[in-house]
Visitor: 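Below are the structure tokens for one structure; questions will follow.
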Amino acid sequence: MKIDQEKSDFLDDMIRHWQEQNLLTEEDAARLKTSYEAKTFDWRRLAQYSFWIAMACGVIALGSLLVDNKVLAYLERLLDASDLLISILSAAAATLLYYFGFKRKRTQPLRVFSNEALIFTAVMLTANAVAYLGKSLGKDSDHFSTLILVSALVYGVLAVTFKSRLIWIFTLISIGAWFGTETGYLSRDNMYFLGMNYPLRFTVFGLFVTACSFLLKRNARLAMFFQVNYVSGMVYLFVSMWLLSVFGNFGSLEQWYSVSQLSLFYWGLISAAACVISIFIGLKYRDEIAREFGITFLFINLYTRYFEYFWDSWHKALFFAVLAGSFWLIGRRAEKIWNLEFLKK
């Protein structure tokens with residue numbers, strides 16, 4: 001069996017440790033080592049990154065065309081198409097790509113990244129179809145969040161129908177975009193909705209998405225989306241709480257500039273407490289996602305507070321010396337864990 005070099009090194013260290021503890025004989029160890037082989041190059045990862053770069057470049061190329069007035073004028077003269085016709089053409093192209101993408105997933109399942117690239121392109125065309133449909137039906141309306149909600153519903157139906165986690169991710173992104181624009185529309189752009197600014201609103205939204213993950217887990221048909229939904233909910237939650245710890249519940253930068261960062265200390269405490277709770281839940285219930293998010297954002301919060309409170313008051317030499325020392329200690333501890341030194345004691 002061929003495995004990554006990192007996994008091969010880990011197995012070598014474990015087999016050596018078991019030999020030292022007399023849990024394996026030399027013959028058993030040799031037999032185990034012959035059962036796997038380190039890959040010389042990770043072609044899978046290269047394929048994954050190549051398709052990601054190709055899709056990103058495609059989006060940038062399309063965006064560059066759409067902001068060029070000369071190109072837009074030429075396309076208008078060439079196509080002379082109505083918004084409704086553009087929507088229909090985009091929907092037809094998306095349908096074809098969905099068909100070929102999911103057909104290839106069944107017939108050529110090993111071509112994971114090229115199949116996902118087709119589906120990603122179809123998702124972009126779906127968004128374009130919905131946008132132009134809304135543009136043709138409501139030229140005088142500024143209620144754009146309705147279009148985003150329609151696209152979220154379309155993505156949700158497609159994700160469940162074709163059992164696609166990639167489309168489910170776009171469903172969650174669209175729902176988040178709809179939530180932000182709809183609350184902004186209802187609050188008439190005064191930056192507050194029910195007394196909450198955007199970071200506080202999305203903290204509540206993140207909690208809701210995370211809680212819904214466990215409801216999905218109980219549903220046999222939707223259980224496959226549990227992990228994607230859970231990770232997305234945690235991203236919404238912890239990024240929003242971090243922003244809340246920086247900006248507080250202020251609706252404008254002018255209000256935020258008028259107060260000291262120390263006055264927002266309690267938001268930092270709340271954010272850090274949420275991280276600790278997440279770590280505790282992760283350790284108690286062996287939930288790696290909760291544990292990793294808790295640890296990661298606890299460090300982010302601590303270093304954010306460090307920059308906020310000591311950047312102006314400390315000499316820069318002392319500031320960066322302490323920063324360097326802290327990262328050295330973290331790196332040294334991580335190195336010990338990586339080298340399995342705790343098993344050799």
Side-chain angles (χ1 to χ4, degrees), residues 144-145 148-149 151-153 155-156 159-160 165-187 189-219 222-252 256 264-305 308:
F144 303 110
S145 57
I148 302 174
L149 180 60
S151 64
L153 293 174
Y155 290 148
V160 174
R165 292 183 177 88
L166 176 63
I167 301 179
W168 190 260
I169 291 173
F170 281 94
T171 304
L172 296 172
I173 293 173
S174 299
I175 292 174
W178 167 79
F179 176 78
T181 53
E182 180 67 16
T183 54
Y185 176 80
L186 293 175
S187 62
D189 298 323
N190 68 358
M191 304 305 292
Y192 285 103
F193 177 74
L194 299 179
M196 298 182 290
N197 67 355
Y198 277 103
L200 186 52
R201 272 180 255 174
F202 274 94
T203 298
V204 176
F205 180 76
L207 279 172
F208 175 75
V209 174
T210 304
C212 287
S213 303
F214 296 94
L215 296 178
L216 295 179
K217 193 176 184 180
R218 297 179 182 180
N219 188 300
L222 301 177
M224 65 174 296
F225 302 120
F226 164 73
Q227 189 171 30
V228 170
N229 208 92
Y230 189 23
V231 171
S232 300
M234 295 290 269
V235 169
Y236 275 123
L237 174 62
F238 278 96
V239 171
S240 299
M241 291 201 71
W242 173 72
L243 291 173
L244 196 59
S245 72
V246 175
F247 298 104
N249 191 27
F250 290 106
S252 66
W256 179 62
L264 302 176
F265 183 69
Y266 61 93
W267 286 115
L269 285 179
I270 293 172
S271 182
C275 294
V276 172
I277 292 171
S278 184
I279 295 170
F280 174 76
I281 291 173
L283 293 173
K284 183 175 181 179
Y285 297 102
R286 298 183 179 180
D287 186 336
E288 293 183 0
I289 295 174
R291 184 190 66 203
E292 297 302 324
F293 266 95
I295 292 173
T296 301
F297 277 89
L298 182 60
F299 277 109
I300 291 174
N301 271 279
L302 290 174
Y303 280 106
T304 300
R305 303 290 84 75
E308 285 177 344

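In this chain, numbering begins with 1 at the start of the sequence shown.
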Visitor: Roughly how far apart are Phe179 CZ and Tyr198 OH, rounded to 0.5 Å?
Guide: 9.5 Å

Visitor: Of all heavy-atom pairs between Asn249 and Leu244, which one has the smallest distance, and what is that distance?
Guide: N-CD1, 4.3 Å

Visitor: Heavy-atom distance under 4.5 Å between the side chains of Asn197 and Leu200, does that happen here?
Guide: yes

Visitor: Taking the side chain as everything from C-beta on, heavy atoms only, tell me whether Phe205 gets closer than 4.5 Å to Ile175.
Guide: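 In short, these two side chains touch, coming nearer than 4.5 Å.
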
Visitor: Can you tell me how far the OG1 atom of Thr183 sits from the CZ atom of Phe202, to the nearest 0.5 Å?
Guide: 6.5 Å

Visitor: How close do Thr171 and Ala159 get, counting heavy atoms only, and between which atoms?
Guide: OG1-CB, 4.4 Å

Visitor: List the steps, then state whether side-chain hydrogen bond (donor to acceptor under 3.5 Å, both in side chains) holds for Tyr230 with Asp287.
Guide: CA-CA 11 Å; Tyr230 189 23; Asp287 186 336; 2.7 Å; yes

Visitor: Do Asn301 and Ser245 have side chains that approach each other closer than 4.5 Å (heavy atoms only, starting at C-beta)?
Guide: yes

Visitor: Check side chain to side chain contact (heavy atoms under 4.5 Å, CB included) between Phe170 and all other residues, then give those that pass, not counting sequence neighbours.
Guide: Phe120, Val123, Met124, Tyr155, Leu166

Visitor: Supply the atom-to-atom distance Arg218 CZ to Ser213 OG, rounded to the nearest 0.5 angstrom.
Guide: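 If I round to the nearest 0.5 Å, the distance is 12.0 Å.
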
Visitor: Assess whether side chain to side chain contact (heavy atoms under 4.5 Å, CB included) is satisfied between Leu222 and Leu215, documenting all intermediate values.
Guide: CA-CA 9 Å; Leu222 301 177; Leu215 296 178; over 6 Å; no

Visitor: Are the side chain of Arg165 and the backbone of Met224 linked by a donor-acceptor contact shorter than 3.5 Å?
Guide: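 Indeed, once roles are kept as given, a pair shorter than 3.5 Å links the two residues.
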
Visitor: Given side chains that start at C-beta, do those of Met241 and Phe297 come closer than 4.5 Å, heavy atoms only?
Guide: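 Sidechains of Phe297 and Met241: no contact.
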
Visitor: For Ser232, which residues count as a side-chain hydrogen bond (donor to acceptor under 3.5 Å, both in side chains) partner, sequence neighbours excluded?
Guide: none

Visitor: Is there a side-chain contact between Phe238 and Thr296 in this structure, where contact means two heavy atoms from C-beta onward sitting under 4.5 Å apart?
Guide: no

Visitor: Indicate yes or no for a side-chain donor-acceptor contact from Ser174 to the backbone of Ser151 under 3.5 Å, with no hydrogens or angles considered.
Guide: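 Such a contact is absent between Ser174 side chain and Ser151 backbone.
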
Visitor: Closest approach of Ile279 and Arg291, non-hydrogen atoms and distance?
Guide: CG1-O, 4.1 Å

Visitor: Do Met196 and Val204 make a side-chain contact, defined as non-hydrogen atoms from C-beta onward lying under 4.5 Å apart?
Guide: yes

Visitor: Donor-acceptor pair, Ser271 side chain versus Trp267 backbone, under 3.5 Å?
Guide: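 Such a contact is absent between Ser271 side chain and Trp267 backbone.
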
Visitor: Taking all non-hydrogen atoms of both residues into account, name the closest pair between Trp178 and Ile148 and its distance.
Guide: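 Nearest heavy atoms, Trp178 then Ile148: N-CG2, 3.5 Å.
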
Visitor: Do Tyr236 and Phe208 have ring centres separated by under 6.0 Å?
Guide: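 No, the ring centres sit 6.0 Å or more apart.
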
Visitor: Run Leu237 and Phe293 through side chain to side chain contact (heavy atoms under 4.5 Å, CB included) and show every step you take.
Guide: CA-CA 10 Å; Leu237 174 62; Phe293 266 95; over 6 Å; no

Visitor: What I'd like to find out is whether the side chain of Arg201 reaches to under 4.5 Å of the side chain of Ser240, using heavy atoms alone.
Guide: no

